[in-house]
Every structure is written in C-alpha cells, then in structure tokens.
Engineer: 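This is the structure, below, for whatever I ask next.
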Amino acid sequence: MPQKVEKTFNLLQKGARETRAPINLDRQCGNDTTNIWLDVVVVVDNSYGMTNDGLQEVAAIITSVFRSTRIGINYTTPRTTRVGVVTYNDETTVNADLNRFQSYDDFANGISQDLGSVSTSEQSYLSIGLQAAEQLLNFQSFNTIRSYYKKVVIVYASTYQRTQDLDSVPVANRLTEDGVYIITVAYDRGGDEKMLYKLAEIATPGMAYNTTGSGSPALVHNIQQSLLQANCFCPDGWEQYRTSFSSRFSYHYGQCLKAFTIPATWNDSRMICRNQMTNSYLATETSKAKHDFILDYVKNQEGMDTLYKYNIGLSWSTIENWWIWEQPAGMAPVPNGPPVYNGAYTNWGAGWPIVGSPMIGVQNVQSGTQSCWQNILQSTGSSPYVCEVYSCDTDNYCDGDN
C-alpha cells in the first residue's frame, strides 16, 4: 500500500469511527410474497365457540395472506405454494389436501366453502387437528418431489383444550423436529384469554399471534413475514446466519455459512469456496453481529484448533486501491468502507493492517476472548476458512440438488 494511500486509509478509518455508525450490508431474506414456495397446512378450529363471524374472519385473513402467491403447481416456475385445509372440534376433517387447490381463485372459493359455518360441538382439541396436518405432510410433502420445500402449519384457534390423551404439545414437538414451522393465531371470543395465549407454547418462537391488542391490525403482514422467514433457509450442510447462534429460530438473514477445518492458503480458500456451490464465495464480515456469529459458529466446529484462526473474504484490491469483500460470481466486490462510504464495520487488530506489504489476504486471529483481522500472504501459510452463499428464499430458488 503506497504511503499516500496509507495516510488516507488511516485518516478515513479514524473519521469513520468518529462520525458514522456502522453500516449493515448483511443480505436480507427475500420478501416477495408472489414467489413464496412452501407447503402449508391451515388448521382451523371450527368448534361452536369460534362463531360464524369468527370463522368468516379467519377465511378473510387466510385468503389475504396468500392473495399474491401462486397457489398449486400448474405454473412454469417452481416457486409455488400448496395449501391444505384441516378443520377440527372434537373430531377432525381434511377439507382439502395439498393437491386440491391449483389456483388462487380455486383456493379462495374453497376456503369460503370449507369455513362456511361452525359445528355444533363445543369441544376443541387442537391435537387431532395437528395430527391430521402431520399426516398430510408425511404423505404428500415429505419424501416427494417437493420434499425440499419448507413446510408450515398455520393454526387458528378460539380455545385451547387438552387432556392427557389429547395433548397438542407432543405433536407440535414432532412437527418442529421434522423442520416444520408452526404459526398460531389465537381468537379471543370471550373465553379464557390466558388459555388462548398458551397457544404460544406450540408455536415456532416469534410466530405466535392473536386477534386482540396492538398487533391485530398487522396480522396478515405478520403471518406473511413468518412465511417469508420459513422460506429463507440454507442448503444441507450450511449454517443459516441469524441474530442468535444459540437460537435456530431467531431472525434469519439471507446468508449461509460453511466452515472448513482442513487448512488452506488464502488463495486456495477463495477457490474452494467459489467451487462449493453456484455463486458461493469466501465469507464476509460486514457487521459486528456477523463477525460474532461466525466466531460462535467456528467455535462449535469439530476439528477446529482452539486458537481460532480462519480466512475470510477480505483482500486488498490493486484495482480499487482498497480493501474489498468477496461477492457472488458476476457481482462487483464491495469495498470495506471508504472511499465508497464512511462508517463501514472494521475489525483490525492493534497494529494491523501492515501496509505497504505483499500481505493482501485477511484472516481472523484470536486474541484473548476476541478475534481480530490480520492481513496475510495469499499463497503461503494455511488456515481453516469459512465460505458463504446466499440463502434459498423468494429471490433465490434452490432445487433439490442444491
């Protein structure tokens, strides 16, 4: 790095720290509800306590949630959603399996008919409704050509009754263990409100809603956001970047990570990452949260040395005359801050980078309880490394081979 550039680098780094908050460049999950591709089973309490008005409200919400989504499989794109419908009281009915609805109009008309009126039963056992949804998914989604599509169960309930033999929790636990997301919506119809909120114990964390309070006007939006989160996932063997490493259901970002413990040079790390999958690359750390997550992820890898040291996708560009982040093939690399913008996250260790040297690759090196960036030679010296790829989501379809 020339002396003039070194001086500019130091001044801009100082100015960035003093004047701007860090800029978060972490990719978000796709948010196009038109392109949602899921298998969904809607489980609706149609016991007498739901009331006809409540059931009609449920029908209106369900159809609104999927209004812009391609329903069925009769499309030229694989980004489609199938929706099955189950109603329950003291018994359960499969009103529509996952193959019945092949268009949105077909779906909207079917929902209106299936949820036309409540039953005469005042009993409502969610466990049997969940079991029916489980069977639908087992026979029509798992181990089929759509087995890699994520599965979601949406529950609408006016009460929450259970007995020792009819307990929804074990069924919900089985679904969750199989990777199924559970969204719950509690309808308070003058019953025991505390019992309704117990629905949250079977919901995927962050996906329990109700029709009372400040959240009710945004119910359709909230359910759609949960569907988009369910539709944001990683290929097998890759780890989803999220807000909390310890909670796999915390908010997902649209990036996936894969650590390799067999050491490689920085150049070889870059090449191996690019060959892992279409558009994969050496991992980026464009925020402190991302850096901390990758460190937690690396610490949990078998075979990783306890003095954590791993290559990342930052390097010096003689073209940009700056440090740049790797990006998917065909995309321009992203400068790590100035001269494009101030305020970017940096994590250089004390005395680093060593400027004006041939060390133009970068790795994380543990220092005490922290880990910081150090620049290294690209073609000599070997370390573990972390690769990155975009998540599968509404903007990025992944087939079963990915």
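Worth knowing before you read on, the calculation uses all heavy atoms, side chains too, and leaves out hydrogens, waters and symmetry mates.
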Engineer: Under the side-chain contact (heavy atoms from CB on, under 4.5 Å) rule, what do His291 and Ser371 come out as? Steps first, then yes or no, please.
Structural biologist: CA-CA 9 Å; His291 165 79; Ser371 98; 3.1 Å; yes
Engineer: Please tell me if the side chains of Trp266 and Leu282 come closer than 4.5 Å, counting only heavy atoms from C-beta onward.
Structural biologist: yes
Engineer: Determine whether Trp352 and Ile354 make a side-chain contact, defined as any pair of heavy atoms from C-beta on separated by less than 4.5 Å.
Structural biologist: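 Side-chain contact under 4.5 Å: yes.
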Engineer: If only atom types and distance count, is the side chain of Gln229 paired as donor or acceptor with the main-chain N or O of His252 below 3.5 Å?
Structural biologist: yes
Engineer: Verify the distance criterion only: is there a donor paired with an acceptor across the side chains of Thr51 and Tyr187 at less than 3.5 Å?
Structural biologist: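 Side chains of Thr51 and Tyr187: no pair found under 3.5 Å.
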Engineer: Check for a donor-acceptor pair, side chain of Thr265 on one end and backbone N or O of Thr380 on the other, with a separation under 3.5 Å.
Structural biologist: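 Checking the backbone N and O of Thr380 against the side chain of Thr265, no donor-acceptor pair under 3.5 Å is found.
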Engineer: Answer with yes or no whether the side chains of Gln363 and Asn311 bring together a donor and an acceptor at under 3.5 Å.
Structural biologist: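 Result is yes, a qualifying pair exists.
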Engineer: How far apart are the C-alpha atoms of Thr163 and Asp165, what are their side-chain angles, what is the distance that settles it, and do they pass the side chain to side chain donor-acceptor pair (under 3.5 Å) test?
Structural biologist: CA-CA 5 Å; Thr163 66; Asp165 295 329; 5.4 Å; no
Engineer: Can you tell me if CZ on Phe139 sees more than 12 non-hydrogen neighbours from other groups inside 6.0 Å?
Structural biologist: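 Atom CZ in Phe139 is not packed in, count stays at 12 or less.
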Engineer: I need the Glu122 CD to Met50 CE distance, nearest 0.5 Å.
Structural biologist: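 These two atoms lie 14.5 Å from each other.
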Engineer: Donor-acceptor pair, Lys290 side chain versus Thr284 backbone, under 3.5 Å?
Structural biologist: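 Checking the backbone N and O of Thr284 against the side chain of Lys290, a donor-acceptor pair under 3.5 Å is found.
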Engineer: Assess whether side-chain contact (heavy atoms from CB on, under 4.5 Å) is satisfied between Ile202 and Leu126, documenting all intermediate values.
Structural biologist: CA-CA 11 Å; Ile202 69 162; Leu126 174 57; 3.4 Å; yes
Engineer: Kindly indicate whether a cation-pi arrangement holds for Arg242 with Phe245, taking the cut-offs as under 6.0 Å to the six-membered ring centre and within 45° of the axis.
Structural biologist: yes
Engineer: Report yes if the side chains of Thr77 and Tyr397 come closer than 4.5 Å at any heavy-atom pair, otherwise no.
Structural biologist: no
Engineer: Between Cys392 and Cys234, is the SG gap short of 2.5 Å?
Structural biologist: no
Engineer: Relative to each other, are the rings of Phe293 and Tyr297 parallel, tilted or perpendicular (30° and 60° limits)?
Structural biologist: parallel
Engineer: Within 45 degrees of the axis of the six-membered ring of Tyr181 and under 6.0 Å from its centre: does Lys150 put its NZ or CZ there?
Structural biologist: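 Here Lys150 fails the 6.0 Å and 45° test against Tyr181.
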Engineer: Without hydrogens or angle criteria, can the side chains of Glu285 and Asn347 be said to hold a donor-acceptor pair below 3.5 Å?
Structural biologist: no
Engineer: Salt bridge or not for Glu388 and Arg27, using N-O below 4.0 Å?
Structural biologist: no
Engineer: Which atom pair, heavy atoms only, marks the closest approach of Trp323 to Ile360?
Structural biologist: CZ3-O, 3.7 Å
Engineer: Does some side-chain heavy atom of Val41 sit less than 4.5 Å from a side-chain heavy atom of Leu98?
Structural biologist: yes
Engineer: State the OH-CD distance between Tyr48 and Gln123, to the nearest 0.5 angstrom.
Structural biologist: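 If we round to the nearest 0.5 Å, Tyr48:OH and Gln123:CD are 14.5 Å apart.
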Engineer: How far does CD of Gln131 sit from OH of Tyr125, to the nearest 0.5 angstrom?
Structural biologist: 13.5 Å
Engineer: Between the side chain of Arg174 and the main-chain N/O of Glu134, is any donor-acceptor distance below 3.5 Å?
Structural biologist: no
Engineer: Determine, step by step, whether Ser168 and Tyr160 satisfy the side-chain contact (heavy atoms from CB on, under 4.5 Å) criterion, reporting the C-alpha distance in whole Å, the side-chain angles of both residues, the deciding distance to 0.1 Å, and the verdict.
Structural biologist: CA-CA 9 Å; Ser168 59; Tyr160 185 49; 2.8 Å; yes
Engineer: Closest approach of Val86 and Ala133, non-hydrogen atoms and distance?
Structural biologist: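 The pair with the smallest heavy-atom distance is CG2-N, 4.4 Å.
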Engineer: What are the two closest non-hydrogen atoms of Ile324 and Ser317, and how far apart are they?
Structural biologist: CD1-CB, 3.5 Å
Engineer: Among Asn222, Thr211, Ile61, find the residue that satisfies the side chain to side chain contact (heavy atoms under 4.5 Å, CB included) test when tested with Val185.
Structural biologist: Thr211
Engineer: Is there a donor-acceptor pair closer than 3.5 Å between any side-chain N or O of Thr69 and the backbone N or O of Thr33?
Structural biologist: yes
Engineer: CG of Asn375 to OG of Ser315: how many Å apart, nearest 0.5 Å?
Structural biologist: 11.0 Å
Engineer: Does CD in Gln370 sit with more than 12 non-hydrogen atoms of other residues, nucleotides or ligands closer than 6.0 Å?
Structural biologist: no
Engineer: Which residue in the set Asp114, Val83, Val94 passes side chain to side chain contact (heavy atoms under 4.5 Å, CB included) when paired with Arg100?
Structural biologist: Asp114
Engineer: Please tell me whether Trp325 and Trp373 form a close aromatic pair, meaning their ring centres lie under 6.0 Å apart.
Structural biologist: yes
Engineer: Would the distance check show the side chain of Ser250 and the main-chain N or O of Ser247 forming a donor-acceptor pair, the cut-off being under 3.5 Å?
Structural biologist: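 Flag set: sc Ser250 to bb Ser247 pair under 3.5 Å.
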Engineer: Is Asp39 reaching over with its side chain to a backbone N or O of Leu137, donor-acceptor style, under 3.5 angstrom?
Structural biologist: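 No, Asp39 side chain to Leu137 backbone: no donor-acceptor pair under 3.5 Å.
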Engineer: Scan side-chain atoms only and decide if Asp45 and Ser47 contain a donor-acceptor pair under the 3.5 Å cut-off.
Structural biologist: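 Ser47 and Asp45 do have a side-chain donor-acceptor pair below 3.5 Å.
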Engineer: Give the intermediate values and the outcome of side-chain contact (heavy atoms from CB on, under 4.5 Å) for residues Tyr253 and Thr243.
Structural biologist: CA-CA 8 Å; Tyr253 288 94; Thr243 54; 3.9 Å; yes
Engineer: Consider only side-chain N and O atoms of Thr394 and Asn231, and report whether a donor and an acceptor are under 3.5 Å apart.
Structural biologist: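 Not at all, the side chains of Thr394 and Asn231 share no donor-acceptor pair under 3.5 Å.
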Engineer: Measure the shortest side-chain to side-chain distance between Val155 and Leu130 over non-hydrogen atoms and say whether it is less than 4.5 angstrom.
Structural biologist: yes
Engineer: For Trp37 and Phe233, run ring-ring contact (aromatic ring centres under 6.0 Å, His included): C-alpha distance rounded to whole Å, both residues' side-chain angles, the deciding distance at 0.1 Å, then the answer.
Structural biologist: CA-CA 12 Å; Trp37 43 290; Phe233 62 97; 5.5 Å; yes
Engineer: Which pair of heavy atoms, one from Ala203 and one from Ala208, lies closest together, and at what distance?
Structural biologist: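 Closest heavy-atom pair between Ala203 and Ala208: CB-CB, 3.8 Å.
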Engineer: Are the side chain of Gln102 and the backbone N or O of Ile73 linked by a donor-acceptor pair below 3.5 Å?
Structural biologist: yes
Engineer: So which heavy atom on Arg79 is nearest to which on Asn396, and how close?
Structural biologist: NH1-N, 4.5 Å
Engineer: Would you call Leu38 and Tyr149 a side-chain contact if the rule is heavy atoms closer than 4.5 Å?
Structural biologist: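 A side-chain contact is absent here, since even the closest heavy-atom pair is not under 4.5 Å.
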Engineer: Any side-chain heavy atom of Ser280 within less than 4.5 Å of one from Trp238?
Structural biologist: yes
Engineer: Are any side-chain N or O atoms of Thr63 and backbone N or O atoms of Ala59, one a donor and one an acceptor, separated by less than 3.5 Å?
Structural biologist: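 Flag set: sc Thr63 to bb Ala59 pair under 3.5 Å.
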Engineer: Do the non-hydrogen side-chain atoms of Gln140 and Asp97 ever get within less than 4.5 Å of each other?
Structural biologist: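 SC-SC contact between Gln140 and Asp97 confirmed.
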Engineer: Mark yes when over 12 heavy atoms from residues, nucleotides or ligands other than Ile145 sit less than 6.0 Å from its CD1; otherwise mark no.
Structural biologist: no
Engineer: Would you find a donor on one side and an acceptor on the other, under 3.5 Å apart, between the side chain of Thr176 and the backbone of Ala172?
Structural biologist: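 Looks like yes, one N/O pair under 3.5 Å.
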Engineer: So, for Ser103 and Tyr75, which heavy atoms are closest and what is the spacing to 0.1 Å?
Structural biologist: CA-OH, 3.9 Å
Engineer: Report the distance from atom OG of Ser391 to atom CD of Gln28, rounding to the nearest 0.5 Å.
Structural biologist: 10.0 Å
Engineer: Measure the SG-CD distance between Cys29 and Gln255 for me, rounded to the nearest 0.5 Å.
Structural biologist: 9.5 Å
